[in-house]
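Notes follow the structure.
A note on names: the letters A, B, ... follow the listed sequences, proteins ahead of strands, and every chain is numbered from 1.
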2 protein chains.
Amino acid sequence: MSNCKTHKTCINEALKTAEIICNERGVKLTKLRQTVLKLIWKSHNYVKAYDLLDDLKKIDSSAKPPTIYRSLDFLMENGFIHKIRSLNAFIGCTHPNEHKECYFLICDNCQNIEECCSEQINKVVTSTTGKNHFEPNQVTLEISGICQDCIS
Amino acid sequence: MSNCKTHKTCINEALKTAEIICNERGVKLTKLRQTVLKLIWKSHNYVKAYDLLDDLKKIDSSAKPPTIYRSLDFLMENGFIHKIRSLNAFIGCTHPNEHKECYFLICDNCQNIEECCSEQINKVVTSTTGKNHFEPNQVTLEISGICQDCIS
DNA sequence: TCAATTATGTTATAATATAACATCAATTTC
DNA sequence: GAAATTGATGTTATATTATAACATAATTGA
Ligand SMILES: [Zn+2]
Ligand SMILES: [Zn+2]
Ligand SMILES: [Zn+2]
Ligand SMILES: [Zn+2]
């Protein structure tokens, strides 16, 4: 669970970081993409594409599914957000700069998602895929269960 | 990649195992569920729900989406098949009796999926979730990349 | 036997995602 | 700076994946 005091800071950080990374990479964080990223970061929770679309429509009533999916694709490609496959949902990346193989702890009770990194998990994945002579590209690790706050 | 000689044996094994487990648990592997499991096992590859539905329609033309999804739900609940979340697809479990937290190696090139188990991965997942005071329930670990046969 | 439970049938629709083509804007090339 | 190229967005339509809701049938079990 996130205990941010002024969540506006989280949003601004996310946008600023994305801006910097985009500049480095020579890709464009257009107005639309900024808006979508901002909407995703409206909370620390995951969001569903069509809820996002509804939000976007409040700003630009002409928005349509491709509008949102294209922005989501861009933001994913650049590591600013992640897709949670077990929920068909999207969430802002908490550390786009140093993100490697991360995993997600998804609470079945409060729906909170924690993005974690573990050098250990990285190593084990690498070593076990190595044993299988498999060259990993993308690792999806999602663990659902009950989070700290919901265990009582 | 699977190198079965007589794939009919794989299918029969899967059905027999499911039968035994169902008897143990007092749940019913009905004719329909058997048929769906058989269709899933028509190959060692993953199958998409609607492709499965098309196959089923050849046998029972009145089959509809709920027909297939209910059977899929049953087969998943009982661990006879797995859902591959990154592909929205389904695949037969190669070891429903001893299946624990397994992971899937998905080849981006030949589409083959290998179901693997690793005591090591289990341990790491347990230990890292433990550090987060998170009680895991379901672990989804899917690794896409290039398999042994496709690395050249 | 009849009530409860479980499985299947059936219709409709919800939810998620992409294809295809048009237009517009920014960048590069000449 | 006009023309060409590329990248982004607009727009329409449709594909794909999945479930809700209610009806009927089959099974169980008291
Ligand atoms: Zn915050
Ligand atoms: Zn991340
Ligand atoms: Zn086989
Ligand atoms: Zn399995």
(message) Whether A:Lys58 and A:Asp55 form a salt bridge (side-chain N of Lys/Arg under 4.0 Å from carboxylate O of Asp/Glu) is what I want to check.
(response)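 Salt bridge: yes.
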d([atom1], [X]; [atom2], [N]) in whole Å:
X       : N      : atom1 : atom2 : result
B:Ile59 : C:dT8  : CD1   : P     : 14 Å
B:Ile68 : D:dT19 : CD1   : P     : 14 Å
B:Asp73 : D:dT17 : CG    : P     : 16 Å
B:Leu53 : D:dA18 : CG    : C1'   : 12 Å
A:Lys64 : D:dA13 : NZ    : C1'   : 12 Å
B:Leu29 : D:dT27 : CG    : P     : 15 Å
A:Lys28 : C:dT28 : NZ    : C1'   : 12 Å
B:Lys48 : C:dT18 : NZ    : C1'   : 13 Å

(request) Check every atom of D:dG10, D:dT11, D:dA8 against the side chain of A:Asp60 and return the nucleotide holding the closest atom. (result)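 The answer is D:dG10, which lies nearest to the side chain.
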(message) Which nucleotide wins on minimum distance to the side chain of A:Leu32, given the candidates C:dA7, D:dG10, C:dT18?
(response)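 Closest of the options to the side chain of A:Leu32: D:dG10.
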(message) Between the base of D:dG7 and the side chain of A:Arg70, is one N or O donor paired with an acceptor at under 3.5 angstrom?
(response)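 Such a pair does not exist between side chain and base.
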(request) Compute the ring centroids of B:Phe90 and B:His82, then answer whether they are less than 6.0 Å apart. (result)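 Aromatic pair excluded; centres sit 6.0 Å or further apart.
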(message) Determine whether the aromatic ring of B:Tyr50 stacks with the base of D:dT17, defined as ring centroids separated by less than 5.5 Å and ring planes inclined by less than 30°.
(response)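 Whether judged by distance or by angle, B:Tyr50 passes, so it stacks on the base of D:dT17.
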(message) In this structure, would A:Ile106 and A:Val47 fall into the same cluster of hydrophobic residues linked by side-chain contacts under 4.5 Å?
(response)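 Result: no, two separate clusters.
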(message) Using OP1 and OP2 only, check whether a side-chain N or O of B:Lys83 sits under 4.0 Å from D:dA18.
(response)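 Affirmative; the distance criterion is met.
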(message) Counting only side-chain nitrogens and oxygens, does B:Tyr69 get under 4.0 Å of the OP1 or OP2 atom of D:dT19?
(response)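 So the side-chain polar atoms of B:Tyr69 never come under 4.0 Å of the phosphate oxygens OP1 or OP2 of D:dT19.
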(request) Indicate yes or no: at least one non-hydrogen side-chain atom of B:Cys10 is less than 4.5 angstrom from one of B:Lys8. (result)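 SC-SC contact between B:Cys10 and B:Lys8 ruled out.
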(request) Report yes if some heavy atom in the side chain of A:Cys116 is under 4.5 Å from a heavy atom in the side chain of B:Asn132; otherwise report no. (result)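 Heavy-atom side-chain distance check passes, below 4.5 Å.
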(message) Quick check: on DNA chain C, is the nucleotide nearest B:Lys31 upstream (toward 5') of the one nearest A:Asp51, or the reverse? Name the residue that is more 5'.
(response)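 Checking each residue's closest nucleotide, the 5'-ward one belongs to B:Lys31.
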(message) Assuming nearest nucleotide by heavy-atom distance, tell me which of A:Asn88 and A:Pro66 is located more 5' along DNA chain D.
(response)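 Nearest nucleotide further toward 5': that of A:Pro66.
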